[in-house]
Amino acid sequence: MLDIQFIRDNADFVKEKSAQKGYPVDIDRLLELDGQRRSKQTQIEELRRRRNEQAADLKQGKPTSEQIEAGKHLKEEIASREVEAKTIENEFLTLLKSVPNMPLAAVPVGSSEDDNTVIKTVGVPTLFDFTPKHHHEIAEPRDLIDKVRASKIAGSRFAYIKGDLALLQFAIVQFVFQTVTDETILERLIREHNLSVVAKPFTPILPPAVLRTEPYVASARLNAEEVTYRAGQPEDDLWLNASAEHTLCTMYWDEILPEEMLPIRYLGYSTSFRREAGTYGKDTDGIFRMHQFDKLEMEVFSTPETGIEEHELLVAIQEYLVQQLGLPYQLIQKCTFDIGKPNASGYDINTWFPGQNTYRETHTADYMADYQARDLKTRVRSHDGSLAFVHTNDATAFALGRIMAAIIENFQTHDGHVVIPEVLRPFMHGRSEI
RNA sequence: GGAGAGAUGACCGAGUGGUUGAAGGUAGCAGUCUUGAAAACUGCCGUGCCCGCAAGGGUACCGUGGGUUCGAAUCCCACUCUCUCCGCCA
């Protein structure tokens, strides 16, 4: 959530930017409630002060019956004011949390996905001397995916991923782990992009796949209507993560980190679950949009000062990874409407899918500034002793299903095989094709 | 699933009704000493919110939510989580 003080000081700006993000909020009402809760708080604190004074007076001798009566009266007065305050506070908090993060000045204003900006196009759409197929037309006949049986067992949007495709997934995983733990690669990317962040390698991490409601809500990522599955029995209070990001960004919930720990850079691997409600009929073929998929996700906790550069580094790593696979792509800067409620900035990488004759989203990079950390209470203690909310960044390394679909479509051969990108071959027993 | 123990500040850890916002220790900061460092010693050192230009003042917070009381970290109830042992199990 945003800092209420910031909203007080910049009401018009917040109104304007909230609307641009597609999250219009009644800021006037919010400020009205803010005023009410503050005056109510002042009243309550005054009453409590009197109660405390009385208690201090009485702690020695035996209180008289008048004193006890006065104390009881104060207690009742405080209790009724507290009920009023609670009502105001609840409405206030709900409204405050509905205010989206403010986009960075560099984020283009837009009212739909169409207003996203193509920053650059790298590579050219793959050329074929035959009509390229959709990945499912290759993978299903080759028995690399079996969605028919998966639907029998688990329903639609699930798949058995088999044989060489299963091997390919772990080759990609190995490649990414090797890349982001390599300090020299990070140094190079930092230098090439004129960044001043440190080349601290990523820590590989295998997070839990479920999390509780309270941290999930605080992360501003729980979307029970469209995305998030409940896990276990209702009394378990657990959700299946929709990304490792969700179990990673919440990791330091209610913690104060010493500045020397930062930046914390994780590369998480997790099976992710999404309900995909509202996408009926979309991407039903193949493994592009699944209820369950495995994903490699980068998560960074940093000081406020380095948050934006960490964001840029993550995008640079994403580009590097896609380039290493030899896939054509576009880097997209998302507009105010598309970056998402908790984001201050966001980029997508859209990779070329020749079987669909279009670029499709395979990566996203999110910079939340302190928006997530404020609610998560993840703070950093600076060397000078001051406290600040950390800045959080997350970014896809690879969503395995989608990137394998892209590999299949871009590197398909006329006879329905798939050429393996060179960087993956060491992890595929040197094989050049599956 | 059965039985038990516990949850206090950045960390460890005292504290069973009234100067306890909280002993002591560690870490951190400043200083004394030292050629420098270490050690020793001295001092400082929680967070949120409200009022205030500031200095400062007020208030809340000892897992969470209720309750008892003039007064609760301390007593009562419920819940959550953690740990230990047994059982089960990858």
Just checking [X]: does its [atom1] atom have more than 12 heavy atoms from other residues, nucleotides or ligands closer to it than 6.0 angstrom?
X         : atom1 : result
Lys86(A)  : NZ    : no
Arg149(A) : CZ    : no
Glu259(A) : CD    : yes
Glu46(A)  : CD    : yes

Inset, instruction - Run the ring-centre check on Tyr216(A) versus His246(A) and record whether the distance is less than 6.0 Å. - result: yes
Legend entry - Output field: ring centroids Phe170(A)/Phe427(A) closer than 6.0 Å: no
Watson-Crick or G-U wobble partner of [N], both distances under 3.5 Å:
N       : result
rC53(B) : none
rU74(B) : none
rA10(B) : rU26(B)
rC88(B) : none
rC61(B) : rG46(B)
rU34(B) : none
rG21(B) : none
rA5(B)  : rU82(B)

Inset, instruction - Not counting sequence neighbours, list each pair that qualifies as a side-chain hydrogen bond (donor to acceptor under 3.5 Å, both in side chains) and has a residue in residues 285-294 of chain A. - result: Gln169(A)-Asp294(A), Tyr229(A)-His291(A), Thr271(A)-Asp294(A), Glu276(A)-Arg289(A), Asp283(A)-Arg289(A)
Whole-Å gap separating [atom2] ([N]) and [atom1] ([X]):
X         : N       : atom1 : atom2 : value
Glu82(A)  : rU59(B) : CD    : P     : 14 Å
Leu47(A)  : rG71(B) : CG    : P     : 13 Å
Glu76(A)  : rU69(B) : CD    : P     : 11 Å
Lys40(A)  : rA60(B) : NZ    : P     : 18 Å
Lys86(A)  : rU64(B) : NZ    : P     : 12 Å
Lys377(A) : rC61(B) : NZ    : C1'   : 11 Å
Asn90(A)  : rG65(B) : CG    : P     : 12 Å
Leu257(A) : rC11(B) : CG    : C1'   : 13 Å

Inset, instruction - Mind telling me whether Phe6(A) and Phe13(A) have parallel, tilted or perpendicular rings, with 30° and 60° as the class edges? - result: perpendicular
State plainly whether the residues [X] and [Y] are in salt-bridge range, i.e. N to O under 4.0 Å.
X         : Y         : result
Arg265(A) : Glu310(A) : yes
Glu187(A) : Arg191(A) : no
Glu45(A)  : Arg48(A)  : no
Asp394(A) : Arg221(A) : yes

Integer angstrom distance from the [atom1] of [N] to that of [M]:
N       : M       : atom1 : answer
rA3(B)  : rC75(B) : C1'   : 26 Å
rU16(B) : rG6(B)  : P     : 13 Å
rA23(B) : rA78(B) : P     : 32 Å
rU69(B) : rG46(B) : C1'   : 29 Å
rG58(B) : rA5(B)  : P     : 42 Å
rG52(B) : rA10(B) : P     : 29 Å
rU34(B) : rU84(B) : C1'   : 50 Å
rG21(B) : rC77(B) : C1'   : 27 Å

Inset, instruction - Would you verify whether the NZ or CZ of Arg360(A) falls within 45 degrees of the ring axis of Phe288(A) while also being under 6.0 Å from that six-membered ring's centre? - result: yes
Inset, instruction - Could you tell me whether Arg230(A) sits above the aromatic face of Trp239(A), with NZ or CZ closer than 6.0 angstrom to the six-membered ring centre and within 45 degrees of the axis? - result: yes
Inset, instruction - Mind checking Arg379(A) for me? I need base, sugar-phosphate or nothing, with any heavy atom below 4.0 Å counting as a touch. - result: sugar-phosphate
Inset, instruction - Would you indicate what Leu387(A) reaches in the nucleic acid, counting non-hydrogen atoms under 4.0 angstrom: base, sugar-phosphate, or nothing? - result: sugar-phosphate
Give each protein N/O atom lying under 3.5 Å from an N/O atom of nucleotides 15-17 of chain B, with the pair distance.
none

Inset, instruction - Could you list all the salt bridge (Lys or Arg N to Asp or Glu O under 4.0 Å) pairs where at least one residue sits in residues 153-180 of chain A, not counting sequence neighbours? - result: Asp143(A)-Lys162(A), Asp164(A)-Arg431(A)
Inset, instruction - Enter the distance from Glu299(A):CD to Glu297(A):CD here, rounded to the nearest 0.5 Å. - result: 7.0 Å
Inset, instruction - Could you run through nucleotides 72-83 of chain B and give me one letter per nucleotide, 5' to 3': B if any protein heavy atom sits under 4.0 Å from the base, S if only the sugar-phosphate is that close, - if neither? - result: ---------SS-
Heteroatom pairs (N/O) under 3.5 angstrom, protein to nucleotides 7-10 of chain B:
none

Legend entry - Below 4.0 Å: OP1/OP2 of rU59(B) and any side-chain N or O of Asn52(A): yes
Check: protein-nucleotides 49-55 of chain B nitrogen or oxygen pairs below 3.5 Å:
| residue | atom | partner | partner atom | Å |
| --- | --- | --- | --- | --- |
| rC49(B) | O2' | Gln41(A) | OE1 | 2.7 |
| rC49(B) | O2' | Gln41(A) | NE2 | 2.8 |
| rC49(B) | O2 | Gln41(A) | NE2 | 3.3 |
| rC50(B) | OP1 | Arg8(A) | NH2 | 2.7 |
| rC50(B) | O4' | Gln41(A) | NE2 | 3.4 |
| rC50(B) | O2' | Thr42(A) | OG1 | 3.1 |
| rC51(B) | OP1 | Arg38(A) | NH1 | 3.0 |

